[in-house]
Asker: 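I have a structure I would like to understand better, so I am pasting it below and will then ask my questions one at a time.
Note that ligands are numbered from 1 as they come in the structure, with each ligand's atoms numbered from 1 the same way.
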Amino acid sequence: MLGCAGSFPGPDSACSCYLVDADGFRMLVDFGAGAMTAVQRFAGLYSIDAIVLSHLHPDHMFDACNYVVARRYAPDGPLPTIPMYAPAGAEARLSMAYSGNPDDKLDDVYEFNVLSAGTTEIGPFTVLAERVNHPVETYGLRIEYGGRALAYSSDSAPCDALIRLAMGADAFLCEASYLDDMDNPPDLHLTGREAGEHANKAGVGRLLLTHLVSAWGSEFMTADAAATMYGGPIDIVRPGTRYII
Ligand SMILES: [Zn+2]
């Protein structure tokens, strides 16, 4: 867990960023604002083999702009291109954020691959992507390796795709942005109770809650609400924590 703050960086965490490691291959899932700090602290600036962006909201992709500098202008010369899997339009979007010109190419840094619904092999991982319930093109993921499965909600309001992606997964890294019993806007995010409900329906081995908005929420209330719907182990993830799936 490199970054797990929801929507904007928190006092103790960058925005969404997770390192999934198997067989010596290190795949970064999301690269939100502030995450480069955690990448350097817990992984290593150049230790990443591939990057997957679940969607193009700043709290899930912004440090992919900052990372351009680190690779392009490294003192010993530019680093080789790194594969990036992201929804269509990612290069123009990152270029706009990086230089203000959508025609500026970042293909000396990233080898862009369009992430869409379906299965992609990334290093040793089989990655299944499916659209989830969020206002922009957003993919929840199911990452499989060696008979184990990690599901990741990305950002999503309740939807059946999350249950399909998480079905029987060993761990379900699931967002829980909102508090229950509040007047939350529709089709954006989950509450703790909804995260627990999806985890229960999918029969996952453990529920890892992420993307809490610390300034507005309550970890205790979120975990408590999730536990009313899901009886398995529940953690609220922290930067620097490693889980063996
Ligand atoms: Zn989002």
Side-chain angles (χ1 to χ4, degrees), residues 1-10 13-20 27-36 38 51-67 84-94 96-98 112 114-117 127-143 150-166 172-180 182-195 198-199 207-217 222 226 236-237 239:
M1 304 295 150
L2 297 181
C4 50
S7 302
F8 51 83
S13 179
C15 290
S16 296
C17 187
Y18 311 97
L19 188 70
V20 188
M27 178 172 76
L28 205 66
V29 176
D30 285 339
F31 208 169
M36 269 187 71
I51 298 171
V52 180
L53 302 181
S54 66
H55 66 301
L56 299 177
H57 276 157
D59 62 321
H60 290 255
M61 65 74 163
F62 208 77
D63 270 24
C65 298
N66 293 318
Y67 197 49
M84 172 177 288
Y85 300 80
E91 181 167 20
R93 183 70 186 278
L94 290 171
M96 273 302 285
Y98 183 78
F112 287 94
V114 174
L115 181 67
S116 55
V127 179
L128 174 65
E130 191 172 344
R131 280 287 291 269
V132 291
N133 185 4
H134 202 54
V136 300
E137 184 181 350
T138 302
Y139 293 96
L141 304 174
R142 181 186 179 93
I143 300 163
L150 165 67
Y152 171 50
S153 65
S154 183
D155 286 3
S156 180
C159 65
D160 289 344
L162 286 180
I163 298 168
R164 285 191 293 272
L165 287 166
F172 183 23
L173 179 62
C174 186
E175 74 124 289
S177 305
Y178 291 147
L179 291 178
D180 285 285
M182 304 276 283
D183 191 15
N184 298 311
D187 300 318
L188 271 177
H189 292 295
L190 297 172
T191 67
R193 187 168 62 224
E194 288 164 345
H198 286 70
L207 175 59
L208 306 176
L209 295 174
T210 190
H211 206 277
L212 279 68
V213 187
S214 61
W216 298 338
T222 300
I236 291 179
V237 304

Asker: So S54 and V29, side-chain contact (heavy atoms from CB on, under 4.5 Å) or not? Walk me through it.
Answerer: CA-CA 7 Å; S54 66; V29 176; 5.6 Å; no
Asker: Any N/O/S atom from D155 (main chain or side chain) under 2.8 Å of the Zn ion (ligand 1)?
Answerer: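 Here the distance criterion (N, O or S atom, under 2.8 Å) is met by D155, so yes.
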Asker: Would you kindly say whether D155 and H211 are connected by a side-chain donor-acceptor distance under 3.5 Å?
Answerer: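 A pair is found: one side chain offers a donor N or O, the other an acceptor, under 3.5 Å apart.
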Asker: Tell me which N, O or S atom of H57 sits nearest to the Zn ion (ligand 1).
Answerer: ND1
Asker: Short check: any N/O/S atom of H60 below 2.8 Å from the Zn ion (ligand 1)?
Answerer: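 No, since none of the N, O or S atoms of H60 sits under 2.8 Å from the Zn ion (ligand 1).
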Asker: To the nearest 0.5 Å, what is the distance between CE (M61) and OG (S16)?
Answerer: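 M61 CE to S16 OG: 13.0 Å, rounded to 0.5 Å.
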Asker: If we ignore angles and hydrogens, is there a donor and acceptor under 3.5 Å between the side chains of S154 and H55?
Answerer: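 The criterion, which ignores hydrogens and geometry beyond distance, is satisfied for H55 and S154.
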